[in-house]
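Quick note: residue numbers are just sequence positions, from 1. What you see is a predicted model, and the numbers here were worked out from it, not measured in a lab. What's counted below: heavy atoms across the whole structure, side chains too, no hydrogens, waters or symmetry copies.
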Amino acid sequence: MRLATYRNGSPDGGLIVVARDQARARDASAIAPDLLTALRNWPQAEPALRRLAESLEDGSAVDTMAFDPARCLAPLPRAPQWLDGSAFLNHGRLMDVAFNKPPIPDFDTIPVMYQGASDDFLGPHADVPFVTEADGIDFEGEFGVIVDDVPMAVSAEDAARHIRLLVQINDWSLRAVGAREVRTGFGFLQAKPSTSFAPIAVTPDELGDAWRDGRFDMALHIQRNGERIGAASGREMAFSFPQLIAHAARTRRLTAGTIIGSGTVSNADRAAGSSCLAEVRAIEMIAHGEPRTPFLRFGDEVAMQASFADGRPGPFGRIVQRVVRAPRPGRPD
């Protein structure tokens, strides 16, 4: 089942069901006005949404409409909580080089995770505003899961049963700001602007064999201004999503609609490329003694799309966004 959220003037948008060919969709507001409401009432909403999805596939649906990703907000325009891990050890080790810092203790045995802002997620085609290029504007291609209510101290085995939807993410970062904030020991704040999402959230069965062991066995293709940056596989996560959920819930419960991110997708094989510019620059520092690739500039376009092993596009749709200068309040643009 594939779900998306259309812009309708409300903060949470309107829930729609999308056909597998991504050509058609149907309004689902009679079942739940928005995706967060559906997640909070999943035992009742999920069967009804599946029937609606099946009617799209067998041709019996009425009142269908053309699916337009440009009308989409993030699947969850706002969520109770956004927790982002760093489950790809190769990326973490390269970031130690990029930020010139010692390795995180127990990095390979205890998941690393931060809590980000969840009140203002961006849709797949929204322009992304930034104050200044000097902040070191970067993208981070990730995969993620959305859960229902998760009890405190849940085991990883039981956590797997709380995964309801899968998503594709661009977790924007400001590297110059992050380099300072990471040294405070208080975590990220200004370094993490609003996060972006691909238009469609899917139930795990939509991935078939590509959803294995709580991981995405898919490549995440990323381009900057049409130039390939990478196509790293989600398979190399050191910690599975159930393990990340169990880590997040060790001392508190998680409410329905909480989103857990994988962290930047990263592979040991250099041929896979990278999923962020900071990693590209770290590799250049190792190879040449200095970074050569600049961070993003105003006007740059970033595109991301996951694909299956056989090359078929993934079910999430594409993120295609442009970096723009943020207007200053009280001043002309």
Checklist entry - So, the side chain of Gln321 versus the backbone of Ala303: is there a donor-acceptor pair under 3.5 Å, distance only? => result no
Next on the checklist: Within the structure provided, determine whether Thr203 and Leu166 are in side-chain contact (heavy-atom separation under 4.5 Å).
Outcome noted: no
Checklist outcome for this item: Rounding to 0.5 Å, atoms OG1 (Thr258) and CD1 (Ile146) come to a distance of 10.0 Å
Item to check | Pair Arg224 + Asp300: basic N to acidic O under 4.0 Å | outcome: yes
Next on the checklist: Assigning hydrophobic clusters by single linkage (Ile, Leu, Val, Met, Phe, Trp, Tyr; side-chain heavy-atom cutoff under 4.5 Å), is Val145 placed with Met237?
Outcome noted: yes
Next on the checklist: Going by salt bridge (charged side-chain N to carboxylate O under 4.0 Å, His left out), name the residues that satisfy it together with Arg71, two or more places apart in sequence or in a different chain.
Outcome noted: none
Next on the checklist: Does this structure show an ion pair linking Arg26 with Asp63, if we count only N-O contacts that are shorter than 4.0 Å?
Outcome noted: no
Checklist entry - Taking side chain as C-beta onward, heavy atoms only, is Arg297 less than 4.5 Å from Pro294? => result yes
Next on the checklist: Would a single hydrophobic cluster contain both Ile137 and Ile222, if residues Ile, Leu, Val, Met, Phe, Trp and Tyr are joined by side-chain heavy-atom contacts under 4.5 Å?
Outcome noted: yes
Checklist entry - Is the shortest side-chain N to carboxylate O distance from Asp148 to Arg164 below 4.0 Å? => result yes
Item to check | Salt-bridge criterion met for Arg78 and Asp119 (N-O under 4.0 Å) | outcome: no
Checklist entry - Are Ile200 and Gln22 side-chain neighbours, meaning at least one heavy-atom pair lies under 4.5 Å? => result yes
Checklist entry - What is the distance from atom CG of Leu56 to atom OG1 of Thr64, rounded to the nearest 0.5 Å? => result 7.0 Å
Checklist entry - Can Asn267 and Ser233 be said to form a side-chain hydrogen bond (donor to acceptor under 3.5 Å, both in side chains), step by step? => result CA-CA 7 Å; Asn267 295 171; Ser233 170; 4.9 Å; no
Checklist entry - Given Leu36 and Leu76, is the side-chain contact (heavy atoms from CB on, under 4.5 Å) satisfied, shown in steps? => result CA-CA 7 Å; Leu36 186 56; Leu76 279 176; 3.9 Å; yes
Item to check | Pair Asp213 + Arg215, salt bridge at N-O below 4.0 Å | outcome: no
Next on the checklist: Using modelled atom types and a 3.5 Å cut-off, is there a donor and acceptor pairing between side-chain atoms of Asp138 and backbone atoms of Ala278?
Outcome noted: yes
Item to check | Side-chain donor or acceptor of Glu279 paired with backbone N/O of Asn90 under 3.5 Å | outcome: no
Checklist entry - Does some side-chain heavy atom of Thr37 sit less than 4.5 Å from a side-chain heavy atom of Asn41? => result yes
Item to check | Residue pairs, two or more places apart or on separate chains, that pass salt bridge (charged side-chain N to carboxylate O under 4.0 Å, His left out) and touch residues 189-202 | outcome: Glu140-Lys192, Asp171-Lys192
Checklist entry - Is there a side-chain contact between Leu189 and Glu181, using heavy atoms and a 4.5 Å cut-off? => result yes
Checklist entry - How would you list all residue pairs meeting ring pair (Phe, Tyr, Trp, His ring centres under 6.0 Å) that involve residues 254-305, not counting sequence neighbours? => result none
Checklist entry - Between the side chains of Thr255 and Asp149, does any donor sit under 3.5 Å from an acceptor? => result no
Checklist entry - Do Asp84 side-chain atoms and Gly263 backbone N/O form a donor-acceptor pair below 3.5 Å? => result yes
Next on the checklist: One thing to verify: whether Asp205 and Arg50 come together as a salt bridge, which I'm taking to mean a side-chain N less than 4.0 angstrom from a carboxylate O.
Outcome noted: yes
Next on the checklist: Distance alone, cut at 3.5 Å: any donor-acceptor contact between the side chains of Asp27 and Ser29?
Outcome noted: yes
Next on the checklist: If you compare all heavy atoms of Gly214 against all heavy atoms of Pro242, which two are closest, and at what distance to 0.1 Å?
Outcome noted: CA-CD, 3.8 Å
Checklist entry - Is a salt bridge present between Arg24 and Asp21, judged by a nitrogen-to-oxygen distance below 4.0 Å? => result yes
Item to check | side-chain contact (heavy atoms from CB on, under 4.5 Å) evaluation trace for His91 with Cys276 | outcome: CA-CA 9 Å; His91 174 74; Cys276 70; 3.5 Å; yes
Checklist entry - For Asp135 and Gln190, what are the C-alpha separation, side-chain angles and deciding distance, and is it a side-chain contact (heavy atoms from CB on, under 4.5 Å)? => result CA-CA 10 Å; Asp135 284 341; Gln190 294 177 348; over 6 Å; no
Checklist entry - Is the closest side-chain heavy-atom distance between Gln223 and Ile229 below 4.5 Å? => result no
Next on the checklist: For Asp127, give me all partners under salt bridge (charged side-chain N to carboxylate O under 4.0 Å, His left out), at least two apart in sequence or on another chain.
Outcome noted: Arg322
Checklist outcome for this item: Which of Phe139, Phe197, Phe188, Phe130 passes ring pair (Phe, Tyr, Trp, His ring centres under 6.0 Å) with Trp172? It is Phe130
Next on the checklist: Looking at Arg228, I want to see if its CZ is surrounded by more than 12 non-hydrogen atoms of other residues, nucleotides or ligands under 6.0 Å.
Outcome noted: yes
Checklist entry - Would a hydrophobic clustering, with Ile, Leu, Val, Met, Phe, Trp and Tyr connected at side-chain separations under 4.5 Å, put Phe308 with Met304? => result yes
Item to check | Exercise: do Glu142 and Ser275 side chains pair donor with acceptor under 3.5 Å | outcome: no
Next on the checklist: Test: ring pair (Phe, Tyr, Trp, His ring centres under 6.0 Å). Region: residues 202-245. Which pairs qualify, not counting sequence neighbours?
Outcome noted: Phe143-Phe216, Trp211-Phe216, Phe216-Phe241
Checklist entry - Is the closest side-chain heavy-atom distance between Leu165 and Met1 below 4.5 Å? => result no
Item to check | Which residues share a salt bridge (charged side-chain N to carboxylate O under 4.0 Å, His left out) with Asp34, sequence neighbours left out | outcome: none
Item to check | Residue pair Gln81, Gln115: steps toward the side-chain contact (heavy atoms from CB on, under 4.5 Å) verdict | outcome: CA-CA 8 Å; Gln81 192 164 205; Gln115 183 171 358; 3.4 Å; yes
Next on the checklist: Within the structure provided, determine whether Phe88 and Val265 are in side-chain contact (heavy-atom separation under 4.5 Å).
Outcome noted: yes
